[in-house]
Amino acid sequence: MTPIELDGAVTLKHISKSYSDKVVVNNISLEVQAGEFFSMLGPSGCGKTTTLRIIGGFEQPDRGTIFIDNRDVTHAEPEERPLNTVFQHYSLFPHLNVQENIKFGLRFEKSSAAGTKPATQRVAEALELVQLTGFGERRVHQLSGGEQQRVALARALILEPSVLLLDEPLGALDAQLRARLQVELATLQRQIGITFIYVTHDQHEAFTMSDRIGVMRAGRLLQVGVPRELYEQPNSVEVAQFVGAANLISGRVTSRGVVEFAGEKFVAPDSAPLGDGTVMIRPERIRIGTGGHRATIERIIFAGSSLRIALQLGGVTINAEVPNDETSTSLQDGQETLIDILPDAVRVLQPAR
C-alpha cells in the first residue's frame, strides 16, 4: 500500500455538544496536522470519544465547524468523509473469513485510483501491512485478540482514508500484547503516513505513540503539546494530575525564584507569580542522600528497576522515585536522610480556567 497523498489535516472550530442539559464537549478548537499521530487523552466521561464521533460524522455538533482536507464536512455523512474508524469492539463478521472481512468495505467504495487495483491484490497488500500474510482463509474465532485488532485495522486501511480514527482499539487486550501493539501501531502510522486521531485514557499509551496529545477533562481541551512538554510543563493542576505521577503540594511564591512549602524554601521558576499556588514536583526529580533538606523515609516500595519512596518533609508526605541500584538498596523505612529537589523540577501551577 503506497503512502496516502491526500492532505489529512483536521480542524475543529468551536465545537460544542450537549445531551439534555449536560455539556459533553465544550467549545473545542483544534488543528491536527496532516500525517500526524494525534491522541486525545483524558479520563472516562471527559468527552474525548464524543469528539471523535463528531469528527467521524456519527454525532452532529450543536455548534462549531469541522474541516477535513480543507473541506467543510460539518454536515456530511460518515461515508462522505475521507476517513475510516477502528472501534474498541472490532465488529468483525464471524461468518466471513479474514480476507472477506477486509474486502467487505470495498463494496461501498466510490471510484478512485486505488479502485483500479484488483480487490484480491488490495486485500493481500492490507494483510501484509498488518503482518497477517497467510491469514486470509482463517475464521474470526481462530484469531487471537491482537490478530482480530489487526484485521479491523486492515479493513479500515484498505479504503486508503486520509484520516483514521481509533477509539481505544487496544482496550480489550492484555497488558503485554497491548504494549507490543502500541509500538507496531506507531510504526505502521509512520510507514503509511496518514493522519491518526487516537482516543485513550491511558497516558503511557498516548506518550508511547503520539506526536502530539490533547488532554481533555469535563468536555474541555485543557492543553495540547508534545509528550515531553505536557509532562514537564503542564499548564494547570488538572493536567499535572492526569499526566504522570506528581507531587502536588500547597505552597507560596514569596519572592522572585523562591517558593515555600512544607516549611522549607526551594528554587522556583522566575516566571512563577507571587502568591499562593500548587507546587508540582515529579518524583524522579528528587534526590535522596544529598542536599540541605532533612526528611524521614516513611515507606519504600520495590518497583523493579526503581524504588518508590514516601518521604515525610515538614509534616507533608512527598513521593520520590530513584533507581534500584547499590546506593538506594541501603535505604530503610524510618531512616532520616537529606533530600534535594533539582532546581528545574519545581513548577507552580494554578487550576485550569
Side-chain angles (χ1 to χ4, degrees), residues 9-19 21-33 36-56 59 61-67 165-168 171 195-251 253 268-269 271-273 275-283 285 345-353:
V10 177
T11 301
L12 307 182
K13 293 186 177 181
H14 305 293
I15 296 295
S16 293
K17 178 70 176 180
S18 299
Y19 296 112
D21 59 348
K22 182 179 180 181
V23 179
V24 292
V25 178
N26 189 355
N27 195 31
I28 285 181
S29 293
L30 171 67
E31 292 187 5
V32 178
Q33 300 167 12
E36 183 175 30
F37 196 129
F38 186 91
S39 289
M40 290 187 286
L41 173 66
S44 297
C46 71
K48 57 188 186 296
T49 292
T50 301
T51 303
L52 194 79
R53 290 179 60 82
I54 288 172
I55 295 171
E59 301 279 356
D62 298 330
R63 290 179 299 278
T65 312
I66 307 151
F67 295 89
L165 309 179
L166 301 106
D167 187 8
E168 305 211 43
T195 305
F196 276 25
I197 302 180
Y198 193 97
V199 159
T200 181
H201 65 274
D202 186 324
Q203 59 180 284
H204 177 76
E205 186 166 274
F207 276 36
T208 298
M209 298 188 295
S210 309
D211 298 312
R212 287 191 308 149
I213 300 167
V215 180
M216 292 188 65
R217 179 170 175 172
R220 298 173 59 204
L221 186 62
L222 300 183
Q223 186 175 358
V224 175
V226 300
R228 182 178 293 276
E229 177 186 356
L230 294 177
Y231 186 79
E232 296 182 353
Q233 301 175 36
N235 65 3
S236 65
V237 173
E238 290 81 357
V239 173
Q241 286 175 324
F242 196 77
V243 177
N247 295 289
L248 297 171
I249 309 159
S250 295
V253 179
S271 59
D276 297 334
T278 298
V279 177
M280 183 202 82
I281 308 161
R282 296 295 185 188
R285 307 294 281 169
V346 175
R347 292 193 63 82
V348 183
L349 305 174
Q350 301 295 329
R353 295 179 180 179

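Every heavy atom of this structure was used, including side-chain atoms; hydrogens, water molecules and symmetry mates were not.
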Tightest non-hydrogen contact, residues Ala352 and Leu222, listed as CB-CD2, 3.9 Å
What residues, two or more places apart in sequence or in another chain, satisfy side-chain contact (heavy atoms from CB on, under 4.5 Å) together with [X]?
{"X": "Ser250", "value": "none"}
{"X": "Asn235", "value": "Gln223, Val239"}
{"X": "Ser29", "value": "His14"}

Distance, nearest 0.5 Å, that separates [atom1] of [X] from [atom2] of [Y]:
{"X": "Leu349", "Y": "Ser236", "atom1": "CG", "atom2": "OG", "answer": "7.0 Å"}
{"X": "Asn247", "Y": "Arg282", "atom1": "CG", "atom2": "CZ", "answer": "9.5 Å"}
{"X": "Met209", "Y": "Thr200", "atom1": "CE", "atom2": "OG1", "answer": "6.5 Å"}
{"X": "Ile28", "Y": "Leu221", "atom1": "CD1", "atom2": "CG", "answer": "5.5 Å"}

Any donor-acceptor pair under 3.5 Å from Lys48 side chain to Pro43 backbone =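 Such a contact is found between Lys48 side chain and Pro43 backbone.
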Ring pair (Phe, Tyr, Trp, His ring centres under 6.0 Å) against Phe196, all qualifying residues, sequence neighbours excluded |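 Testing Phe196 for ring pair (Phe, Tyr, Trp, His ring centres under 6.0 Å), a comparison that skips the adjacent residues, returns Phe37.
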Check whether any side-chain heavy atom of [X] sits under 4.5 Å from a side-chain heavy atom of [Y], and report yes or no.
{"X": "Val10", "Y": "Phe38", "result": "no"}
{"X": "Ile213", "Y": "Pro227", "result": "yes"}
{"X": "Ile54", "Y": "Leu12", "result": "no"}
{"X": "Pro61", "Y": "Ile66", "result": "yes"}

Quick one: list whatever passes side-chain hydrogen bond (donor to acceptor under 3.5 Å, both in side chains) with [X], sequence neighbours left out.
{"X": "Thr195", "answer": "none"}
{"X": "Asp202", "answer": "none"}
{"X": "Gln203", "answer": "none"}
{"X": "Ser210", "answer": "Ser39"}

Of all residues at least two apart in sequence or in a different chain, which pass the salt bridge (Lys or Arg N to Asp or Glu O under 4.0 Å) check with [X]?
{"X": "Arg217", "result": "none"}
{"X": "Glu238", "result": "none"}
{"X": "Arg212", "result": "Glu36"}
{"X": "Arg53", "result": "Glu59"}

Would you say Glu229 has more than 12 foreign heavy atoms packed within less than 6.0 Å of its CD?
-> yes
